[in-house]
Amino acid sequence: MKKNKKKETDKLTSSDLVKLGFPAGKPQGTALNVIHTYYTELGKRHQIELLQDVMAAPEQYQIHATLGPLAQVLLAQKAAESIALKPVKQKYAVYGEAGIEQGAIDQMETAMRLPVSRAGALMPDAHQGYGLPVGGVLATHNAVIPYGVGVDIGCRMSMSIYDIHARYLEKNREKLKKILTDNTRFGNASFKRPMDHEIMSRPEFSEIPVVRELKDRAFQQLGTSGGGNHFVEFGTVEIHDADNEFGLPAGKYLAVLSHSGSRRLGANIAGYYTKVAIDACPLPQEAKHLAWLDLNSEAGQEYWLAMNLAGDYASACHHQIHERLTAQLGEAPLAKIENHHNFAWKEKNASGKEVIVHRKGATPAGKGVIGIIPGTMATPGFIVRGKGEAAAINSASHGAGRVMSRTQAIKTFTQPQMRKYLQQAGVDVIGSGLDEAPMAYKDIHKVMDYQKDLVEVVGTFYPKIVRMNGDPKYIEVD
DNA sequence: ATGTCC
């Protein structure tokens, strides 16, 4: 401490600013001027901290009495160095616009102005996210946007349909509740002894430095589900269309439906490469989180490999979830259905050119492609067949979409209200909370109606016994 | 989404 005292009385010079990474020229000059005019009493260490604060977030100091001019110079510098957005936005299709919040529209319009953007679409469950809105689809040329994929890389749906009649569920509710509680893990919980999976021997786990550090935790979290809107549930599925790709006669079956992603592995991959992208790709403030990685760059290729690993890992987790439940039911599934809804794919557009299609909370719906669109814990989900609508970039919604935020839902609804809703729907819920109340979501039937040109319904899934993250004592319907 | 802020 004492040793530093002498240094602290030093006068701040331009060489100090260079060490801080302060841009040369006007930013340095303005900084010295401001410090030596208003902050001479502060001591050098605090002067430096102050400058670092302004540099980290100049937009927060724009109208500051003494630091404002410096913040404005820094912002001008940033704007001059950043990649320009196209002045005119490209057109894109919006489905169910009446139910989509303005914030999501604004984000999509910004995304359409990126020089790498080729096409976009907004699904009827869209809401504001980080960078690209959730429910946003964006096709780019040779570029991948980590926040266009989302934090939970490979977040996906998976369904197993069993040769067990739907009646079995009503007669065995308690047994099935126990099977769910004993064989699924949510949030921080994991299995004492995870089942191994071949995914863990993938070379990416040893070859990509950032992924290597995540391997142990990834093994620990194998076969687990996350928090938030993730779930594992027993329900009944009604197959309407006897001419289906699973060879299932029309009828009502017992089914397991799961929703979750790549856990900490994907979250950390997303966080790491987003930072890399933001450094490599300076964009104006409103587009900052849409920073992309060129697929010809080393970082871009590395992200692509890591993203695919996270997607396969998410799939492996679902497979283990279903494997455990299948073992308890003692019956092999008749059909298995699954799809990612947070991911990027190399696809051909209508004119045959390769584009990178980002689906951030959107279900792949190319012609004849089977997918799952869940509703809420107490409203139906759907097995869908894509119609290959080019304007929607071969996509559909990934759910009902929220009408209010989690915090707003907690403030708006009460436990008795939710309990009543679930009782009326005949749904048992283990875990979860008011933030996932079905009333906080849009009407799934309306959402399906908005996208009838994008998908056709093959089957309807009715959730009956739902497990989500949270205290099991919190909400349990008897 | 995420041991939910370095």
Side-chain angles (χ1 to χ4, degrees), chain A residues 20-21 48-49 52-53 55-57 60 104 107 125-136 145-158 184-191 194 210-211 213-222 224-232 258-276 278-279 289 303 306-307 309-311 313-315 317-318 321 339-344 358-363 374 376-377 398-402 405-410 431-436 440-441 468-471:
Chain A
L20 290 177
I48 285 174
E49 278 173 11
Q52 281 174 324
D53 286 348
M55 199 160 63
Q60 286 176 24
Q107 287 185 319
D125 59 340
H127 55 95
Q128 206 173 331
Y130 236 108
L132 195 66
V134 178
I145 302 169
Y147 265 141
V149 169
V151 174
D152 192 6
I153 299 169
C155 185
R156 70 205 315 273
M157 302 303 303
S158 184
T184 63
R185 293 291 183 278
F186 283 79
N188 295 332
S190 56
F191 292 99
V210 63
V211 173
E213 288 174 34
L214 300 167
K215 185 175 181 178
D216 290 348
R217 184 68 180 171
F219 176 69
Q220 194 57 45
Q221 291 188 316
L222 262 174
T224 66
S225 308
N229 58 3
H230 288 175
F231 62 77
V232 181
S258 55
H259 173 220
S260 65
S262 51
R263 313 295 279 111
R264 196 188 191 190
L265 174 69
N268 283 30
I269 289 170
Y272 176 80
Y273 290 98
T274 290
K275 272 188 200 147
V276 174
I278 286 173
D279 288 343
H289 293 109
Y303 173 76
M307 177 194 77
L309 177 74
Y313 173 83
S315 175
C317 288
H318 279 266
I321 290 165
N339 65 270
H340 285 329
H341 55 219
N342 277 15
F343 212 62
H358 302 72
R359 293 188 180 88
K360 183 183 189 178
T363 304
T376 69
M377 56 166 71
H398 80 312
R402 302 190 72 95
S405 69
R406 291 175 183 286
T407 37
Q408 204 189 334
I410 291 165
S432 192
L434 289 171
D435 51 342
E436 281 300 321
Y441 283 85
M468 299 182 86
N469 190 29
D471 183 358

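Here the structure is a predicted model, which means the values were calculated and not measured. First the proteins, then the strands, lettered A, B, ... as listed; each starts at 1.
For B/dT2, the OP1/OP2 oxygens have a side-chain nitrogen or oxygen of A/R263 closer than 4.0 Å. Between A/N229 and B/dA1, a side-chain N or O to OP1/OP2 separation shorter than 4.0 Å is present.
A/Y272 places its OH atom 22 Å from the P atom of B/dT2, with the value rounded to the nearest Å. Put simply, CG on A/N268 is 10 Å from P on B/dT4, counting in whole angstrom units. The nearest whole Å value for the distance from the CD atom in A/E436 to the P atom in B/dA1 is 7 Å. Rounded to whole Å, atom C1' of B/dA1 lies 15 Å from atom CZ of A/F231. We find that CD of A/E49 is positioned 14 Å from C1' of B/dC6, with the value rounded to whole Å. A/N188 places its CG atom 9 Å from the P atom of B/dT2, with the value rounded to the nearest Å. Atom pair A/R406:CZ and B/dA1:P shows a separation of 5 Å (rounding to whole Å applied). Nucleotide B/dA1 holds its P atom 16 Å from the CD atom of A/Q128, rounded to whole Å.
Counting heavy atoms from C-beta on, the side chains of A/Y273 and A/V149 never come closer than 4.5 Å.
Side chain of A/S405 to main chain of A/Q408: a donor-acceptor pair is present (N/O by atom type, distance under 3.5 Å, no hydrogens or angles). Within the 3.5 Å criterion, the main-chain N or O of A/G129 finds a donor-acceptor partner in the side chain of A/Q107.
Atom NZ of A/K360 is separated from atom CD1 of A/I145 by 9.5 Å, given to the nearest 0.5 angstrom.
Base engagement by A/R217 is indicated by at least one non-hydrogen atom pair under 4.0 Å involving a base atom. Residue contacts shown for A/Q220 are absent, as no nucleic acid heavy atom lies under 4.0 Å away. Note on A/G271: nothing from the nucleic acid sits closer than 4.0 angstrom, heavy atoms only. In this structure, A/G261 reaches neither bases nor backbone, as no heavy-atom distance under 4.0 Å exists between it and the strands shown.
Tested against A/H259, the residues A/H318, A/H341, A/R156 include a single side-chain hydrogen bond (donor to acceptor under 3.5 Å, both in side chains) partner, A/H341.
Comparing A/S262 and A/K275 by the nucleotide of DNA chain B that holds the closest heavy atom to each, the one mapping nearer the 5' end is A/S262.
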